[in-house]
Structure formats: structure tokens, C-alpha cells
A.B. asks: 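Before I ask anything, let me first share the structure, which is written out below as C-alpha cells.
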Amino acid sequence: MLDIKFIRENLNAIRENCANRNARVDLGRFLALEEERRLKITALEEIRRLQNETAEKMRGKQGQPEREMLISLGKELKLRAQEAEESARSAETALAELARQIPNMTHPESPVCLDESGNKEIRRWGEPAKFDFKALDHVVLGERLSLIDFDSGAKVAGQKFYYLKNEAVLLEQALILYALHSLRKEGFSPIMTPDLAREQILSGIGFNPRGAETQIYSVANTDLCLIATAEITLGGMLADTILEESQLPARYVGVSHCFRTEAGAAGRESKGLYRVHQFTKVEMFAFTTPETSEAMHEEFVRHEEKLFQGLGIPYRVVDICTGDMGGPAYRKYDLEAWMPGRGENGDYGEVTSTSNCTDYQARRLGIRFRPATESSAGQREGSKKLRFVHMINGTAIAISRALIAVLENYQQKDGSVLVPKALLPYMGGVERISR
RNA sequence: GGAGAGGUGCCAGAGCGGUCGAUCGGGGCGGUCUCGAAAACCGUUGUCCUUCGAAAGGAGGACCGUGGGUUCGAAUCCCACCCUCUCCGCCA
């Protein structure tokens, strides 16, 4: 969420931003609640002050007549405090509820548009291969080559679950290792994260674990949810932590399974592996100072591009517009890879997504850093106040979608699929998949 | 899952229900000494919220794992939960 004071002081900008982002928030009500909350806090603190004062006077007044008086005064104050507390808390809760509906501010260069039609392609890499045969989609390829089994998935777990088999299993592991090895060289620490997380963490990252439209599976009789992305567990990893500025930037590359209910996604383009309830994903995550988050975000999109260039898969980079961004993001880029079997004659499909969430998540998760003090010449002032870190997330490789791109782009006329060169070191000698 | 111990500030570790935001030590920061450093000595050292102030800062409130409770008053007593450690059980 945004800083409450910031909201109060930048109402017009917030109002415009909400409109651009298609977020309907009653800012008038927000202001009223905010004032109510402050008044109530002030009132409560005054009562607390009196309580403290009364308790202080009690010291060493054994059996004095004054004692009785103070006790009854204390009792009365206690009742008043309880009421004031309840009232302050309800205002606080209502305000927080409203505050979390206000999206992050937006990068000035992000395209402004209410729906995805405003997404802007900013560059393209690679030429979609021209096949001298009719390109198959990954569903057919997966079936013919015994790589993907949707029927068994449906039988055992339901629609949109699947089994990977044979070389597809090797491909998943190879893609994971390829991403891990590449990013480790770029200064990322590899992490295997839990696949479950507490609701509180989900909500700090900006997911809503409850409600009819939630994307999140939750585990009965616990406060745990299946994570939709390792962004949740990587971001949550440092919740309530104070870092030293010297520890920043911190780059992590996490591997996890991802679970999504895909509620309300019926009818959308969702053939095969494109939209499934469970998949494996390698995710980049970074904690930075506010001054360096934009550069890190650009770095992330370059890493994503490098990974797909390495795989030899054509893609385009899309600058996501205001209406298509999601609450916590300040700016967001997607990579869309060429998928020859998508649509009539092939099409680009989203394979990665990277967002700079600035301090929007850090504020709720309590992730701060202590600025380095400039002791040397000049300003030793350097306000040593704690500041919120900026948090950047980005897909390295979402296995299911990368698998679509690999199978469809590397298919051969004879029905086999070649293994991309970059994956060969991890494929145990398999260079071509055929039956 | 069962039994026991414990969760206190940057770290370590005290804390009869009132004088505890919290002893002592270490570390960090500032200073004295020194050509410089070490040692020694002196001083200093949290976060969040409200409010006043241009600012420096002042005033008030909250925070001793989390949430409740008892009490005029709780780090200290009670309950629940979370987490850590040791032992047992179970397992990968």
C-alpha cells in the first residue's frame, strides 16, 4: 500500500492515477476516515495519558483515603479507554481496507489506457521460423511424443492439471538449471522456496487470498495458501527485516511450484499448458534502494531477454499499460514469445512478466534498510532514518509456457523436436525428441 | 504427534506487579590520548504513531514473539496461538 500521509498530500495525483488504472476508490470517504482515525487516536492517547498519570500517583499510597479515589478514577478511565480503543481500531481497519484498494503510483512513461489494447510493444527479437509444413501446437506435439498427459491430469486432479512425461520432464529440469546457472552468474542467489505461505504474506505482496475471484488456493483449517508465484515467498522471506544499505541490492532467483485457481478465466485463450492450475517457475527477485529500482527493473527485463535469446526463441517486449498492470506495480514489462501453434498461424504469447513494485509491498511487509552514513567530507548529516526498500520481481522462466515455446519452435518436419543448444548440457545426452 | 526449556533492544544477557524503553557487557558512533593505530578513559546509541515547529527539536502515546485476559497499574500473573532448542515417536 501507499503511505497514508502521501495519499493525503497528493490527492489529485492519486485521483488521476486511480482513474488511469481503472481502480474505483472513494477518496472522499478515505479522507473522512483518515481524519476520523486521527481524531480517535488523539482522543485515545489523551485517555492513556490520564491512565498513566493516575497509575503514577498510586505509587506508595497504601491505605490513604486518596487511594480509593484514584482506584475508582482508574477504573473509569479503563472503561473509557476500552471504548476509545475499539472505536479507533475500527476506523483504522476501515481506513486500511480502503488504502489497500489504492494502487501504486505509475511510472510517467507507462502507456495510459484502461485495457490491454494500450500495451505498447517496445522491441522485438528474432524472426519467427518459417516452416515448410503445417506447424503443430504443443498439445498435439505433446501427445504424439508422449510428453504431456492432460487426460490423466484431469482424472487425478481435474481440468487444467497435467502430467509431464519422458523428455518433457528432462526439459523442465533443464530449463530450471539453465535459468539458475545463467542468473547465478549475474549475481543472483538461488533459492528453493516453500510452496505454501501464510495469508498475511500473500496479502502483503498484494494478493487477495479470499473472495470469489481469488486466484489463490487456500488450505482448509489453516492460514496457509498455495503460492501463485515465488514472488510471494521471496518477498516474504525478508518480511519485518531491517537491512543495511551495504546489503543492497540483493538479488535472488527462486524456484517454486505455482498454483492458480484461474477463477473467471474460462473462455479465455487457454489451450493446453498455457493456462494451468499448477506449474513450476523460476523467479527473479530483488531488493534495492529507491534510487536504483528502475535500473534494476531494466536489468530484469534484459535478463529475461537474454534467457530467451539463449533459447533461440523470438519474442517481443511489451510495456504494460496502466489499466492492465495490477495494484502493486509501478511499471511492468512482459515478454511475449513466438508460439507457432498459437492461433491460426502462430502468435505471441506471454512468457514472462517483470514489475517494479517500488515500496508498495515493502511498506506492508515491513522491509526497510538503514541508509549508509556518509561520515567522510561534507554532509555527515545523511538522515539515518530507516527507509523502505524497493522490490522488483520478474519471471526468469515459467516452465509450462516456456515448454510451449520450445516444443512449437523446435518442431521438425518429421514430427520430432530438437533440443535447444542452451539446454543440451542439462538433458543427459538427449538432443532430439522423437518416437 | 508426545515431553521439557525458551522467545527481551545491533548482538549477548538481567529483569520482587508500580521508580523499566528496560541492569551489565559487547559492538557501533563521537571524543580524549597518539605521528598514526591498539589499549585505556569519557560520552552516546531503537522503531512506529499523534501533535507543535520552517528546521533543529519539543510534548504525548505505543512497542519486551503475536493476540486476548486479570489489575487502578503488566516485560513481570493467566489463556490461546506462532516460532526456536533438547529428548522421544514417525518418516523422505
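This is a predicted model, so every value here is computed, not measured. Chain A is the first sequence line, chain B the second, and so forth, proteins listed ahead of strands; every chain is numbered from 1.
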A.B. asks: From T358(A) OG1 over to H107(A) NE2, what is the distance, rounded to the nearest 0.5 angstrom?
C.D. replies: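 Answer rounded to 0.5 Å: 11.0 Å.
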
A.B. asks: Using purine N1 to pyrimidine N3 plus N6-O4 or O6-N4 for Watson-Crick, or N1-O2 and O6-N3 for G-U wobble, each under 3.5 Å, what pairs with C29(B)?
C.D. replies: G43(B)

A.B. asks: Quick one: is R38(A) getting a side-chain N or O under 4.0 Å of the C49(B) phosphate, OP1 or OP2?
C.D. replies: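 For C49(B), neither OP1 nor OP2 has a side-chain N or O of R38(A) closer than 4.0 Å.
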
A.B. asks: If you take the centroid of each ring, where Trp contributes its six-membered ring, are Y333(A) and H297(A) closer together than 6.0 Å?
C.D. replies: yes

A.B. asks: Centres of the F300(A) and F188(A) rings: under 6.0 Å?
C.D. replies: yes

A.B. asks: Return the nucleotide paired to A80(B): Watson-Crick means purine N1 to pyrimidine N3 with N6-O4 or O6-N4, wobble means G-U with N1-O2 and O6-N3, both under 3.5 Å.
C.D. replies: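 Matched A80(B) with U66(B) under the 3.5 Å cut-off.
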
A.B. asks: If you measure from the C1' atom in C41(B) to the same atom in G46(B), how many Å do you get, rounded?
C.D. replies: 26 Å

A.B. asks: Could you measure between the two C1' atoms, the one in A92(B) and the one in G17(B), and give it in whole Å?
C.D. replies: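 After rounding to an integer number of Å, I get 50 Å for this pair.
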
A.B. asks: Across all strands shown, which nucleotide pairs with A37(B) by Watson-Crick or G-U wobble geometry, both distances under 3.5 Å?
C.D. replies: none

A.B. asks: To the nearest 0.5 Å, tell me how far F285(A) CZ sits from L238(A) CG.
C.D. replies: 8.5 Å

A.B. asks: To the nearest Å, how far apart are R37(A) CZ and C48(B) C1'?
C.D. replies: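 Whole-Å distance recorded here is 12 Å.
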
A.B. asks: Given atom CG of N221(A) and atom C1' of C81(B), what is their separation to the nearest angstrom?
C.D. replies: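 Value for this atom pair: 15 Å.
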
A.B. asks: For the side chain of K78(A), counting heavy atoms from C-beta on, which of U71(B), G18(B), U47(B) is nearest?
C.D. replies: U71(B)

A.B. asks: Among G61(B), U47(B), C49(B), which nucleotide has an atom closest to any side-chain atom of R48(A)?
C.D. replies: G61(B)

A.B. asks: Which nucleotide wins on minimum distance to the side chain of M58(A), given the candidates C49(B), G18(B), G68(B)?
C.D. replies: G18(B)

A.B. asks: Test your reading of the model: is there a side-chain donor-acceptor pair from N119(A) to the backbone of C321(A), 3.5 Å cut-off?
C.D. replies: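 At least one qualifying donor-acceptor pair exists.
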
A.B. asks: Would you mind reading off the distance between R368(A) atom CZ and G46(B) atom C1', rounded to a whole angstrom?
C.D. replies: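 That distance rounds to 10 Å.
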
A.B. asks: Does U50(B) pair with anything, Watson-Crick or G-U wobble, both distances under 3.5 Å, and if so, with which nucleotide?
C.D. replies: A59(B)

A.B. asks: Using the P atom in both, what is the distance from A80(B) to C85(B), to the nearest Å?
C.D. replies: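 Roughly 23 Å separates the two P atoms.
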
A.B. asks: Rounding to an integer number of angstrom, what distance separates C11(B) and G7(B) when you compare their P atoms?
C.D. replies: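 Approximately 15 Å lies between the P atom of C11(B) and that of G7(B).
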
A.B. asks: May I have the distance from L73(A) (atom CG) to C72(B) (atom C1'), rounded to whole angstrom?
C.D. replies: 8 Å

A.B. asks: Determine the Euclidean distance between corresponding P atoms of G60(B) and G69(B); express it in Å to zero decimal places.
C.D. replies: 27 Å

A.B. asks: To the nearest Å, give me how far apart CD (E199(A)) and P (C82(B)) are.
C.D. replies: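 In whole Å, C82(B) P and E199(A) CD are 14 Å from each other.
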
A.B. asks: Could you say whether E56(A) or L44(A) is positioned toward the 5' end of RNA chain B, judged by the nucleotide with the nearest heavy atom to each?
C.D. replies: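 Nearer the 5' end of the strand: E56(A).
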
A.B. asks: What integer distance in Å separates D240(A):CG from C83(B):P?
C.D. replies: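 These atoms are roughly 15 Å apart.
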
A.B. asks: Please report the distance separating the P of U19(B) from the corresponding atom of C88(B), rounded so that it comes out in whole Å.
C.D. replies: 45 Å

A.B. asks: Taking CG from D223(A) and P from C81(B), how many angstroms apart are they, rounded to a whole number?
C.D. replies: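 Rounded to the whole Å, the gap is 13 Å.
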
A.B. asks: Starting from C1' on U51(B), measure out to CD on E35(A) and report it in whole angstrom.
C.D. replies: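 Going from E35(A) (CD) to U51(B) (C1'), I get 14 Å.
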
A.B. asks: When we call it a touch if two heavy atoms are under 4.0 Å apart, what does T42(A) touch: a base, just sugar-phosphate, or nothing?
C.D. replies: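 Result for T42(A) = sugar-phosphate.
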
A.B. asks: Just say parallel, tilted or perpendicular for the rings of H277(A) and F161(A), cut-offs at 30° and 60°.
C.D. replies: tilted

A.B. asks: When the C1' atoms of C10(B) and U34(B) are considered, how many whole Å apart are they?
C.D. replies: 30 Å

A.B. asks: Nearest to the R198(A) side chain among C48(B), U50(B), C83(B), which nucleotide is it?
C.D. replies: C83(B)

A.B. asks: Does G73(B) have OP1 or OP2 under 4.0 Å away from a side-chain N or O of R67(A)?
C.D. replies: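 So the side chain of R67(A) is outside the cut-off, no N or O lying under 4.0 Å from OP1 or OP2 of G73(B).
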
A.B. asks: Among G61(B), C48(B), C49(B), which nucleotide sits nearest the side chain of N52(A)?
C.D. replies: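 Given the options G61(B), C48(B), C49(B), the side chain of N52(A) is closest to G61(B).
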
A.B. asks: Can you tell me how far P in A22(B) sits from the matching atom in G9(B), rounded to whole Å?
C.D. replies: 15 Å

A.B. asks: Does the structure show a Watson-Crick or G-U wobble partner for U86(B), both distances under 3.5 Å? Name it, or say none.
C.D. replies: A3(B)

A.B. asks: Taking the six-membered ring of F279(A) (Phe, Tyr or Trp), confirm whether the NZ or CZ of R401(A) is under 6.0 Å from its centre and within 45° of its axis.
C.D. replies: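 Cation-pi check for R401(A) and F279(A): fails.
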
A.B. asks: Identify whether any heavy atom of R363(A) sits under 4.0 Å from a base atom; if not, whether one sits that close to sugar-phosphate; answer base, sugar-phosphate or nothing.
C.D. replies: nothing

A.B. asks: Nearest nucleotide by nearest heavy atom, which residue falls closer to the 5' end of RNA chain B, K5(A) or E46(A)?
C.D. replies: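 The residue whose closest nucleotide sits nearer the 5' end is K5(A).
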
A.B. asks: Report the base-pairing partner of G9(B) (Watson-Crick or G-U wobble, both distances below 3.5 angstrom), or none.
C.D. replies: none

